[in-house]
Amino acid sequence: MLDNKLVRSEPEKIKKNLKKRGFELDTAALSALEEKRKSVQVKAESLQQERNTKSKNIGKAKAAGEDIAPLLKEVENLKGALSEAEAELNTIQLEWDSLLAAVPNTLADDVPEGASEEDNVEISRWGVPRAFSFEVKDHVDVGTALGGLDFETAGTITGSRFVSMSADVARLHRALIQFMLNTHGEKNGYTEVYVPYIVNRHSLYGTGQLPKFEEDLFKLEDERGFYLIPTAEVPVTNLLRDKIVDEEQLPLKFVAHTPCFRSEAGSYGRDTRGMIRQHQFEKVELVQFVSPQNSMQALEELTGHAEGILQELGLPYRKVILCAGDIGFSSTKTYDLEVWLPSQNTYREISSCSCFADFQARRMKARYRAKENGKPALMHTLNGSGLAIGRTLVAILENYQREDGSVGIPEVLQPYMNGQSEIKGV
RNA sequence: GGUGGGGUGGCUGAGUGGUCGAAAGCGGCGGUCUUGAAAACCGUUGAGUGUAACAGCUCCCAGGGUUCGAAUCCCUGCCCCACCGCCA
């Protein structure tokens with residue numbers, strides 16, 4: 001959610017910023033509504049004031065034993081006008097809120113122009129894609145040949161976009177989770193948390209998935225209106241909802257491993273083969289809560305933590321900054337990390353690291369008490385994948401494949417696999 | 001699933017339908033004292049909106065209702081606690 005005051009005081013500036021995204025802010029509608037709001041609010045509040053003082057007078061008169069009948073009559077006349085004004089104000093405010101709830105975050109100045117994925121700007125590359133002396137297979141062929149990946153059976157258990165894993169591949173998958181959790185917890189200073197995988201509407205609103213992106217979510221058939229989490233970002237960020245912490249406690253850094261559930265309703269034809277785009281996948285997520293002045297710095301740091309995992313795994317990747325047309329609804333600036341997939345001869349997203357400034361914090365009322373003046377202020381929130389487990393597994397199967405069909409295990413993972421250094425077929 | 005009790009400011013916790021945005025304590029902040037600190041004492045201290053600054057308005061879990069007036073009464077929902085039952 002954008003700052004109400006800012007939208008009111010500088011609508012044109014915000015409109016211009018959002019235009020970069022291709023979002024058309026209806027400033028005419030907003031300012032018309034704002035005009036109405038002002039006058040109605042003034043009216044409602046003055047009527048409220050009148051009622052309050054008169055009611056107090058009735059109390060006093062009654063205590064003094066005076067006749068209150070004439071006073072009652074006076075207030076009686078207020079009633080209709082007051083409730084009418086209150087109702088009108090209420091309607092206006094609901095309308096304002098629902099308009100604003102659909103407005104994305106403003107962009108940081110250094111977010112490049114652009115309409116789509118194509119216009120994202122590469123920042124850096126790490127590692128050199130391996131030269132293969134044989135024909136590379138994709139992860140589906142590698143994993144299936146090993147007897148470790150089974151899309152068909154998962155398809156019969158549930159449907160498309162699910163997978164089952166077994167034996168060493170399943171263990172490698174789990175090893176990745178442990179490795180990432182331990183690295184972020186022990187080396188990078190994150191506190192490990194365990195959180196619910198089912199959340200209510202309120203939480204999804206807080207991080208910005210609702211009200212606009214309901215079709216991406218799995219909703220439970222349940223009168224409570226619960227949803228499966230599409231990312232740990234939702235429950236972990238909401239840990240601070242409605243909280244005020246002392247500024248000294250910041251930054252708060254959390255790492256969580258959770259499954260993620262996405263309906264992928266908007267991408268029917270895309271990545272139908274393999275594990276790249278599943279309805280259910282695992283992710284290790286990094287979340288930071290920081291003072292506003294530190295958030296851009298924190299984004300660099302957090303992205304660096306995700307990069308560290310790729311480097312330790314020896315996976316070539318590149319870092320891109322998302323352009324205005326591709327960046328997420330709630331984000332003010334996002335870096336994607338893309339891992340090299342030899343079968344596709346290209347880099348594919350494996351992590352997305354974003355700074356939300358106060359956009360989520362405002363929706364969640366996540367605040368800190370500023371040391372300077374003791375006043376509560378909105379904190380800044382960030383998150384990033386560190387990393388997406390399924391895609392990391394894909395990257396390892398592909399980048400570490402050998403001609404004989406076996407797959408090498410990156411050294412850092414071997415302690416998590418009882419020292420095992422390769423996966424051979426069954 | 002059954003029965004009972006609750007949800008009040010950063011925290012604990014009072015609050016007969018009428019000067020209650022709310023006692024008290026803790027914590028925080030400022031000060032006195034002290035070489036410095038602690039202790040003690042004094043003062044101050046909810047969140048939002050609004051204003052040039054005041055004023056005003058809203059908020060005592062959420063949403064409705066009763067009333068001239070609701071933290072207080074009624075209804076619904078959510079959550080928490082205790083005991084019993086059931087399950088792991």
Side-chain angles (χ1 to χ4, degrees), chain A residues 1-10 30-31 33-98 100-101 194-206 210-211 219-220 222-227 235 238-250 252 289 291 358 361-379:
Chain A
M1 186 82 90
L2 295 178
D3 187 356
N4 254 326
K5 281 187 196 163
L6 216 58
V7 174
R8 284 179 182 137
S9 61
E10 307 190 67
L30 283 173
S31 62
L33 198 60
E34 171 61 4
E35 279 304 302
K36 225 164 93 187
R37 191 209 107 241
K38 261 188 211 161
S39 67
V40 174
Q41 185 163 344
V42 167
K43 193 166 117 196
E45 288 189 359
S46 72
L47 286 168
Q48 281 171 334
Q49 180 184 2
E50 204 175 336
R51 178 204 60 197
N52 290 345
T53 52
K54 285 191 169 156
S55 289
K56 270 183 186 165
N57 288 339
I58 291 174
K60 279 187 210 163
K62 209 173 172 185
E66 294 165 18
D67 179 21
I68 60 171
L71 290 169
L72 283 178
K73 195 138 204 173
E74 261 181 69
V75 188
E76 187 81 16
N77 301 329
L78 279 176
K79 247 186 147 180
L82 178 59
S83 63
E84 200 177 297
E86 279 177 339
E88 197 182 347
L89 182 61
N90 204 339
T91 310
I92 292 170
Q93 263 157 356
L94 284 177
E95 199 180 331
W96 178 272
D97 287 345
S98 74
L100 219 60
Y194 172 87
V195 291
Y197 304 157
I198 295 175
V199 295
N200 58 32
R201 298 187 62 80
H202 202 152
S203 297
L204 288 158
Y205 177 82
L210 289 181
K219 183 174 189 180
L220 299 189
D222 178 300
E223 67 282 358
R224 284 169 291 199
F226 288 161
Y227 296 79
N238 275 279
L239 286 172
L240 271 288
R241 185 166 93 207
D242 290 321
K243 294 231 164 41
I244 302 176
V245 304
D246 287 329
E247 188 168 6
E248 292 86 65
Q249 292 179 254
L250 300 178
L252 286 164
F289 303 91
S291 305
D358 60 12
R362 183 170 294 106
R363 292 177 160 224
M364 291 194 304
K365 294 191 175 64
R367 295 173 290 178
Y368 68 98
R369 197 169 288 283
K371 199 178 167 65
E372 193 191 344
N373 56 10
K375 290 288 176 197
L378 294 170
M379 52 177 84

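Proteins come first, then strands; the chains are lettered A, B, ... in the order of their sequence lines, and each starts at number 1.
On the C1' atoms, A22(B) is 12 Å away from G13(B), given to the nearest whole Å. Taking atom P on both nucleotides, C29(B) is separated from U34(B) by 22 Å, rounded to a whole Å. The separation of C42(B) from C78(B), taken at their C1' atoms, amounts to 45 Å, rounded to a whole angstrom. Rounded to a whole angstrom, the distance from the C1' atom of G25(B) to that of U76(B) is 36 Å. Nucleotides C60(B) and A47(B) have their C1' atoms positioned 12 Å apart, rounded to a whole Å. Distance noted for atom C1' between A40(B) and G50(B): 42 Å (whole Å). Here the separation of C20(B) from C59(B), taken at their C1' atoms, is 14 Å to the nearest Å. Across the C1' atoms, U72(B) and G18(B) are found 11 Å apart, a figure rounded to whole Å.
Asp246(A) has its CG atom 10 Å from the P atom of G28(B), to the nearest Å. Between the C1' atom of C68(B) and the CD atom of Gln49(A) lies a distance of 16 Å, rounded to the nearest Å. Atom NZ of Lys73(A) is separated from atom P of C68(B) by 13 Å (rounded to the nearest Å). The distance between atom NZ of Lys43(A) and atom P of C57(B), rounded to the nearest whole Å, is 18 Å. In this structure, CG of Leu82(A) is placed 12 Å from C1' of C57(B), rounded to the nearest angstrom. Distance, Arg51(A) CZ to C57(B) P: 9 Å, rounded to whole Å. Here G9(B) presents its C1' atom at 16 Å from NZ of Lys243(A), a figure rounded to the nearest Å. When rounded to the nearest whole Å, the span between CD of Gln48(A) and C1' of C59(B) equals 12 Å.
Within the 4.5 Å cutoff, the side chain of Arg8(A) has heavy atoms near those of the Trp96(A) side chain.
As the counterpart of C60(B), no nucleotide is assigned, since no Watson-Crick or G-U wobble pattern has both distances under 3.5 Å. Pairing partner, A82(B): U3(B), with both Watson-Crick or wobble hydrogen-bond distances short of 3.5 Å. The base-pairing partner of A88(B), taking Watson-Crick or G-U wobble contacts with both distances under 3.5 Å, does not exist among the strands shown. Pair assignment for U51(B) gives none, since no Watson-Crick or G-U wobble pairing has each distance under 3.5 Å. Figure legend. G43(B) is base-paired to C29(B); pairs are counted as Watson-Crick or G-U wobble with both atom distances under 3.5 Å. Checking C68(B) for Watson-Crick or G-U wobble geometry (two distances, each under 3.5 Å) identifies G18(B) as its partner.
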Between N or O atoms, less than 3.5 Å apart, protein on one side and nucleotides 17-19 of chain B on the other: list the pairs.
| unit_1 | atom_1 | unit_2 | atom_2 | d |
| --- | --- | --- | --- | --- |
| G18(B) | O6 | Lys62(A) | NZ | 3.1 |
| G18(B) | N2 | Ser55(A) | O | 2.7 |

Atom pairs, protein N/O to nucleotides 45-52 of chain B N/O, distance under 3.5 Å:
| unit_1 | atom_1 | unit_2 | atom_2 | d |
| --- | --- | --- | --- | --- |
| A47(B) | O3' | Arg367(A) | NH1 | 3.0 |
| A47(B) | O2' | Arg367(A) | NH1 | 3.3 |
| G48(B) | OP1 | Arg367(A) | NH1 | 3.2 |

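Judged as a side chain to side chain contact (heavy atoms under 4.5 Å, CB included), and not counting sequence neighbours, the contacts of Asn90(A) are Leu94(A). With sequence neighbours left out, Ser55(A) forms a side-chain hydrogen bond (donor to acceptor under 3.5 Å, both in side chains) with no residue at all. Contacts of Ala61(A) classified as side chain to side chain contact (heavy atoms under 4.5 Å, CB included), with partners at least two apart in sequence or in another chain: Glu66(A), Ile68(A), Leu71(A). Every side chain to side chain contact (heavy atoms under 4.5 Å, CB included) that Gln93(A) has, sequence neighbours left out, goes to Gln41(A), Leu89(A). Not a single side-chain hydrogen bond (donor to acceptor under 3.5 Å, both in side chains) links Lys43(A) to another residue, sequence neighbours left out.
Residue-to-nucleotide proximity on RNA chain B shows that, of Glu86(A) and Asn90(A), the 5′-proximal contact is made by Glu86(A).
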Contacts under 3.5 angstrom, residues 242-249 of chain A side chains, donor-acceptor by atom type, not counting sequence neighbours:
| unit_1 | atom_1 | unit_2 | atom_2 | d |
| --- | --- | --- | --- | --- |
| Glu247(A) | OE1 | Lys371(A) | N | 2.7 |
| Gln249(A) | OE1 | Asp246(A) | N | 3.1 |

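Legend: salt bridge (charged side-chain N to carboxylate O under 4.0 Å, His left out) pairs involving residues 45-59 of chain A, not counting sequence neighbours, sorted by first then second residue: Glu50(A)-Lys54(A), Lys54(A)-Glu74(A).
Remark: the backbone N or O of Lys60(A) is not paired with any side-chain donor or acceptor of Asn57(A) at under 3.5 angstrom. Arg201(A) contributes no side-chain N or O that, together with a main-chain N or O of Pro211(A), makes up a donor-acceptor pair within less than 3.5 Å.
Once rounded to the nearest 0.5 Å, the distance linking NZ of Lys38(A) with CD1 of Ile92(A) reads 12.5 Å.
Using a 4.0 Å heavy-atom distance criterion, Asn52(A) is classed as a sugar-phosphate-only contact.
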